[in-house]
There are 2 protein chains.
Amino acid sequence: MAVTLADVAARAGVSSATVSRVLNGNYPVAGSTKDRVQRAVEELDYVVNGQARALAAATSDLIGVLVNDVADPFFGLIASALQGEIGAGGTQPGGGKLAVVCNTGGSPEAELTYLTLLERQRAAGVVLTGSTVESKAHTAAVTARLTRLAASGTRIVLCGRPPLEQAEDSLGLITIAFDNRGGARRLTEHLLSLGHRRIGYVAGPAERSTTRHRLEGHREALLAAGLGPDTRAGANALRLTVHGGYDRASGYDATLELLRRDTGVTAIVAANDTVALGVCAALRDSGLRIPGDVSVAGFDDLPFSVDASPALTTVRIPLQDAGARAGRLVMGRQAPPPGGVATVATELMVRGSTAPPSPGRR
Amino acid sequence: MAVTLADVAARAGVSSATVSRVLNGNYPVAGSTKDRVQRAVEELDYVVNGQARALAAATSDLIGVLVNDVADPFFGLIASALQGEIGAGGTQPGGGKLAVVCNTGGSPEAELTYLTLLERQRAAGVVLTGSTVESKAHTAAVTARLTRLAASGTRIVLCGRPPLEQAEDSLGLITIAFDNRGGARRLTEHLLSLGHRRIGYVAGPAERSTTRHRLEGHREALLAAGLGPDTRAGANALRLTVHGGYDRASGYDATLELLRRDTGVTAIVAANDTVALGVCAALRDSGLRIPGDVSVAGFDDLPFSVDASPALTTVRIPLQDAGARAGRLVMGRQAPPPGGVATVATELMVRGSTAPPSPGRR
DNA sequence: CTGTTAGCGCATTCAG
DNA sequence: CTGAATGCGCTAACAG
């Protein structure tokens, strides 16, 4: 079968312990023996058995990364940056961990299953990205899993997901939260300042944290502008909220629904940029122009947003930065933020898809 | 520390061997003892140690997936479908492998490094996706790595990458190739049939297999239309080929370069849809209209392509199907295609971004 | 600096 | 059907 440490040791005429020392470079070894060992390793094409090493040393080369959808660039960007950090070091001893990307599809069950699988592999760290399902049962189940993982020394980082209240201090759990609420608020303020009053909102799945935060920011802005739910315009705004998935098709369908409810909407805010594309498509198919007839705004500022036509007004989240930071944190190469929670600022990007409402439609 | 098999055995009042048998369900165990063991497992929150199991049984729960760019939906779609197949089965014994997604960034060195890392982890399978760098040295190095992996029982699947000639038979290596050449040819035929003669081509990186195949298809079409390199129009077409990366910025820059070389191009074919977005942006910024002044075509038919404005004419590759199939193959759940190589057909999708050239510009 | 000795946690013989 | 014993390949004390 495969060549083992013992084979290398025999060939180099040393003990297997010495070979191990040379390989790990964590212990003094004479230069000449080191050379001999290295030559033997090359001649035999030896590759360490990670599992045996992990078992003996109680360490692991795996970092689990849970994402809701690998095919979504939102997660791709985070994962890519994260991997750049943890993968650095290649085959050198110490550096070079492998990212186990787990695609939950937003399913709470899948999330729990993957956490178990990762616990089984004794992952060195786990990063949970993106919105979480806000159900008491699921939060409790996740907290329980994370508690066990943390107890066994697995480093845990939440990225783009709100902190797990009960667990911060006791578990040393680290969170990189996105300021979704603030970004959403500024976005809607922007629309209000342009003069929009009949603003549709295509929200994400109802039970997700990100959905809720963005929606809250939106409503805060309306309230601050004197459009509380008790006012006529405010009540209308509530009627103009449609929930759907974080995908293009949802944006398309939701927009048709919005237009059915009120043909006079002058602006539509989407759950994210992908949804916004669907919104744009539906508007165009309905014979409406952007932003002439209806303004459209997204969220996330994914790379394609600047290329949309017109370019999409959106809220930028520094996903790469956040992913890289999560990577450094899960590797223990960076000090955690005070309190274990860092909130990443979001930035309003005003582009061509938003403009003052046309007098004719107001 | 963590609870082990022995702990469970002690609690259930049986031997650890019996616990192992219950857990793996591959050996007869009395119903009553089975129940007792299962209760003990739950009471203790026992989770098997994957590394120890792997070491003892010489098996692995990991499947490596090499991609050039996780943030690119092209790979995201493949990875997502693939994971759906290999992850099925969850925590049940037998099913539920974990995908280790390795982001090579298109770097040959990174590819080799990851293959070593995966060999180290004794991965159960490895899937290499997307274009490969066509250098003799790299091909040889990859072949050597794959040979070793295959020899140690790792199942290997190539997805969206041309077969490795020398290795097919001897290694039982499986390839799912995309018909890039045929798709590219039909795409250019479409432009020719619309009347275009001055067609720019924004190609991918020069040394990549996919780049080469698509470019060859393009030139085949030109040749078949009597526009060989010896003709005036054909020679011009050669001048109108610019290489760049598979990203949006490359498309943008390359388009500006194309317009510098020939302000009269009536159509531009892009390396892929992402590049095509950059092409569109550059054209618009140059005051040209699509398809009125210049037609644009992409490749891959990524989800956003239908939402571009105008919707992008492109070549569809059934990425999800291919990814799922790769998943089944690497799991050994599906018979390999005859000869070890399957070629996936591609389909021309004609949309709004291509139209006959305007008389004024011809 | 180097060799010897124990396990790491589990699956799997081989007996009973 | 069940238990005891052995070893997977490697690292980590512990001696020299």
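Just so it is clear: chains get the letters A, B, ... in the order the sequence lines come, proteins before strands, and each one is counted from 1.
- The 5' end of DNA chain D is approached more closely, in terms of each residue's nearest nucleotide, by B:Lys34 than by the other of B:Arg122 and B:Lys34.
- Defined by atom type and a distance below 3.5 Å, a donor-acceptor pair is present between the side-chain atoms of B:Thr18 and B:Ser15.
- Between the side chain of B:Asp35 and the backbone N or O of B:Ser32, no donor-acceptor pair lies under 3.5 Å.
- With rounding to whole Å, A:Asn49 atom CG is found 6 Å from D:dG9 atom C1'.
- Of the residues B:Arg145, B:Glu111, B:Arg148, the one that meets the side-chain hydrogen bond (donor to acceptor under 3.5 Å, both in side chains) test with B:Thr116 is B:Arg145.
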Open item on the list: Could you walk me through whether A:Leu149 and A:Leu118 satisfy the side-chain contact (heavy atoms from CB on, under 4.5 Å) test, starting with their C-alpha distance in whole Å, then the side-chain angles of each, then the deciding distance to 0.1 Å, before giving a yes or no?
Closed with: CA-CA 9 Å; A:Leu149 280 166; A:Leu118 289 168; 5.5 Å; no
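- Among the heavy atoms of the strands, none lies under 4.0 Å from B:Val19.
- Residue contacts shown for B:Leu55 include a base, since a base heavy atom lies under 4.0 Å away.
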Can you tabulate the close N/O pairs, meaning under 3.5 Å, that link protein atoms to atoms of nucleotides 12-16 of chain C?
| residue | atom | partner | partner atom | Å |
| --- | --- | --- | --- | --- |
| C:dT13 | O4 | B:Arg21 | NH2 | 3.1 |

- [ ] Determine, step by step, whether B:Val101 and A:Val65 satisfy the side-chain contact (heavy atoms from CB on, under 4.5 Å) criterion, reporting the C-alpha distance in whole Å, the side-chain angles of both residues, the deciding distance to 0.1 Å, and the verdict.
- [x] CA-CA 10 Å; B:Val101 176; A:Val65 182; over 6 Å; no
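- Rounded to an integer number of Å, the gap from A:Arg120 CZ to C:dC10 C1' is 13 Å.
- Side chain of A:Arg208 to backbone of A:Thr132: no donor-acceptor contact under 3.5 angstrom is found.
- For A:Val14, the side-chain atoms get nearest to C:dG3 when compared with the rest of D:dG3, C:dC10, C:dG3.
- Distance CD (A:Gln51) to P (C:dG9): 15 Å, rounded to an integer number of Å.
- Annotation: of the two residues near DNA chain C, B:Thr4 and A:Gly31, the 5′-most nearest-nucleotide partner is A:Gly31.
- Under 4.0 angstrom from either OP1 or OP2 of D:dT2 there lies at least one side-chain N or O belonging to B:Thr33.
- Ranking C:dC1, D:dT11, D:dG9 by closeness to the A:Arg53 side chain, first place goes to D:dT11.
- The distance between atom CZ of B:Arg36 and atom C1' of D:dT2, rounded to the nearest whole Å, is 11 Å.
- Judged by distance alone, with hydrogens and angles left aside, the side-chain atoms of B:Thr139 form a donor-acceptor pair with the main-chain N or O of B:Ser135 at under 3.5 Å.
- Between the CG atom of B:Leu5 and the P atom of D:dG3 there is a distance of 13 Å, given to the nearest Å.
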